[in-house]
Amino acid sequence: PSWSPDERSIVWSLEEKDPSVQMSSLKDKSSKVFVDGAKPVFSSDGEQIAFVREGALWVTDVSPVDPYPIMLPIKRGINRPIWSPDGEWFVYESMGTCWQVSLYGGEPIRILSVGANCSPSSWLMNSKGIYFHDWSDENDRPNEYGLGSIKMVNVENLPSSGQYVSPNIGGGTPDISNSGDFAANGDYVARSGLQIYKFKERLRKKINFSQKSKHSVSEASISPSETR
């Protein structure tokens, strides 16, 4: 899921046989099919939405009007596309590592050194780096529990191995707040709930949802204001 900058809407996708991007209003709780595709993400100004269709990244206005691809399809697909705050770049995961591609097209750029695993979490607000989930610990050894670690890489000096930030929380790829102060993540088991971790204080909080006690949180998305 991806928040609109004004926090009035969320876009998300039903990834079934025929995937579709849905747009939900947080005011009246209504939802509608926005466009055919999956894994949508708002631009930082809220005027455009990017999404994955047939192995490529596409972009459209919020209307939507005439979606267009910005790259050629990738056989092994695209996961977790994230739009940079300056609106110029995307980062995404494919083939187990992270790639960067310009809004205006061109060849994707490998972000990490050969052999490094990567699933992107979020951009730094200056658009000069990204946080990512690595399946190894701070010493580049496989994590004991398979959770891995959160690392950061400067995209102005690529490829790179990145630098360690924190152990990962939960079983998936976390979302990082715009301020870089905390992370949110789900897990593979329902009892783990939604987990929040403050980096500086090293404080962890768990939120369980009694109404959906058998449902696990597969993916977290922090609102731009960091209040939801």
Test item: Q100 and I130 side chains (from C-beta on) under 4.5 Å apart, heavy atoms: no
Got a second to check how far R110's CZ is from T97's OG1, nearest 0.5 Å? 4.5 Å
Spell out, as yes or no, whether a donor-acceptor pair under 3.5 Å connects the side chain of S216 to the backbone of S218. no
Rounded to the nearest 0.5 Å, how far does CG of N208 lie from CG of L194? 9.0 Å
Supply the atom-to-atom distance Y131 OH to S166 OG, rounded to the nearest 0.5 angstrom. 10.5 Å
Backbone N/O of L14 and side chain of S20: donor-acceptor pair under 3.5 Å: no
Do side-chain atoms of S127 reach the backbone of D86 as a donor and acceptor pair under 3.5 angstrom? yes
Check: W12/S24 side-chain N/O donor and acceptor closer than 3.5 Å: yes
Would you check if Y104 and E88 make a side-chain contact, meaning some heavy-atom pair closer than 4.5 Å? yes
Hey, what do you get for SG (C118) to CE (M95), rounding to the nearest 0.5 Å? 12.5 Å
So does E201 have more than 12 non-hydrogen atoms from other groups sitting under 6.0 Å from CD? yes
Indicate the atoms forming the closest heavy-atom contact of I10 with P1, along with that distance. CG2-CB, 3.9 Å
Around atom CZ of R228, are there more than 12 heavy atoms of other residues, nucleotides or ligands at under 6.0 Å? yes
May I ask you to decide if P120's main-chain N or O and R80's side chain share a donor-acceptor pair within less than 3.5 Å? yes
Closest approach of D36 to F51 (non-hydrogen atoms, all atoms of both residues): O-CE1, 3.4 Å
Hey, is the main chain of A184 close enough, under 3.5 Å, to the side chain of D175 for a donor-acceptor pair? no
What residues, two or more places apart in sequence or in another chain, satisfy side chain to side chain donor-acceptor pair (under 3.5 Å) together with Q163? none
Just do the side chain to side chain contact (heavy atoms under 4.5 Å, CB included) check on W135 and S119 with the steps written out, would you? CA-CA 9 Å; W135 288 269; S119 181; 3.8 Å; yes
Considering non-hydrogen atoms only, spot the tightest contact between S149 and K151 and give its length. OG-CE, 3.4 Å
Determine, using the 4.5 Å side-chain heavy-atom cutoff (strictly less than), whether F132 and V91 are members of one ILVMFWY cluster. yes
I'd like to check E54 versus P73 (side-chain heavy atoms, cut-off strictly below 4.5 Å). Are they in contact? no
Are any of the side-chain heavy atoms of W123 and W89 separated by less than 4.5 Å? yes
Quick one: does any side-chain atom of S94 pair with a main-chain N or O of G77 as donor and acceptor, under 3.5 Å? yes
Would F42 end up clustered with I222 when hydrophobic side chains under 4.5 Å apart are linked, directly or stepwise? no
Flag, side chain of W58 to backbone of P67, donor-acceptor distance under 3.5 Å: no
Donor-acceptor pair, distance only, cut-off 3.5 Å: does the side chain of S2 make one with the backbone of V41? no
Same hydrophobic cluster for I176 and L203, using side-chain heavy-atom links shorter than 4.5 Å among ILVMFWY? no
L158, CG: over 12 other non-hydrogen atoms inside 6.0 angstrom: yes
Is it the case that atom CZ in R8 sees more than 12 heavy atoms from other parts of the structure closer than 6.0 Å? no
Run the side chain to side chain contact (heavy atoms under 4.5 Å, CB included) check on F34 and T60 step by step: do they pass? CA-CA 10 Å; F34 178 74; T60 184; 3.7 Å; yes
Sub-4.5 Å side-chain heavy-atom contact between V52 and L57: yes
Verify side chain to side chain donor-acceptor pair (under 3.5 Å) between H133 and T173, making sure each step is shown before the conclusion. CA-CA 6 Å; H133 174 206; T173 297; 3.3 Å; yes
Gap separating the OG atom of S4 from the CG atom of L26, nearest 0.5 angstrom: 7.0 Å
Side chains of Y92 and P108: does their closest heavy-atom pair fall under 4.5 Å? yes
Would you say that K39 contacts N79 through its side chain, given a criterion of any heavy-atom pair below 4.5 Å between the two side chains? yes
For E7, does the CD atom sit with more than 12 other heavy atoms under 6.0 Å from it, leaving out its own atoms? yes
Look at the rings of F90 and W83 and say which category their plane angle falls in: under 30° parallel, 30 to 60° tilted, over 60° perpendicular. tilted
What I want to check is whether the side chains of S25 and D28 have a donor and an acceptor closer together than 3.5 Å. yes
Nearest heavy atoms of I49 and P40, plus distance in Å: CG2-CB, 4.1 Å
I would like to know whether Q22 and V33 meet side chain to side chain contact (heavy atoms under 4.5 Å, CB included); could you show each step before the answer? CA-CA 5 Å; Q22 309 279 320; V33 176; 3.5 Å; yes
Can you give me the closest heavy-atom contact between A50 and V59, atom names plus distance? CB-CG2, 4.1 Å
Can a side-chain donor-acceptor contact be found between E226 and S179 if the only test is distance below 3.5 angstrom? yes
Taking side chain as C-beta onward, heavy atoms only, is I109 less than 4.5 Å from V155? no
Is I78 reachable from L103 through a run of hydrophobic residues whose side-chain heavy atoms are each under 4.5 Å from the next? yes
Determine whether a donor-acceptor pair (N or O, by modelled atom type, separation under 3.5 Å) exists between the side chain of N185 and the backbone of Q195. no
Anything under 30° is parallel, anything over 60° is perpendicular, the rest tilted; go ahead and classify F199 against Y197. perpendicular
Stepwise, does the side chain to side chain contact (heavy atoms under 4.5 Å, CB included) test hold for E219 with S221? CA-CA 7 Å; E219 188 171 332; S221 182; over 6 Å; no
With a 3.5 Å distance limit and no angle check, can you tell me whether N168 reaches the backbone of L147 through a side-chain donor-acceptor pair? yes
So, taking the atom named OG in S44 and the one named CE in M125, what distance separates them when rounded to the nearest 0.5 Å? 7.5 Å
Quick check on the hydrophobic clustering: are M71 and Y68 connected, directly or via other members, by side-chain heavy-atom contacts under 4.5 Å? yes
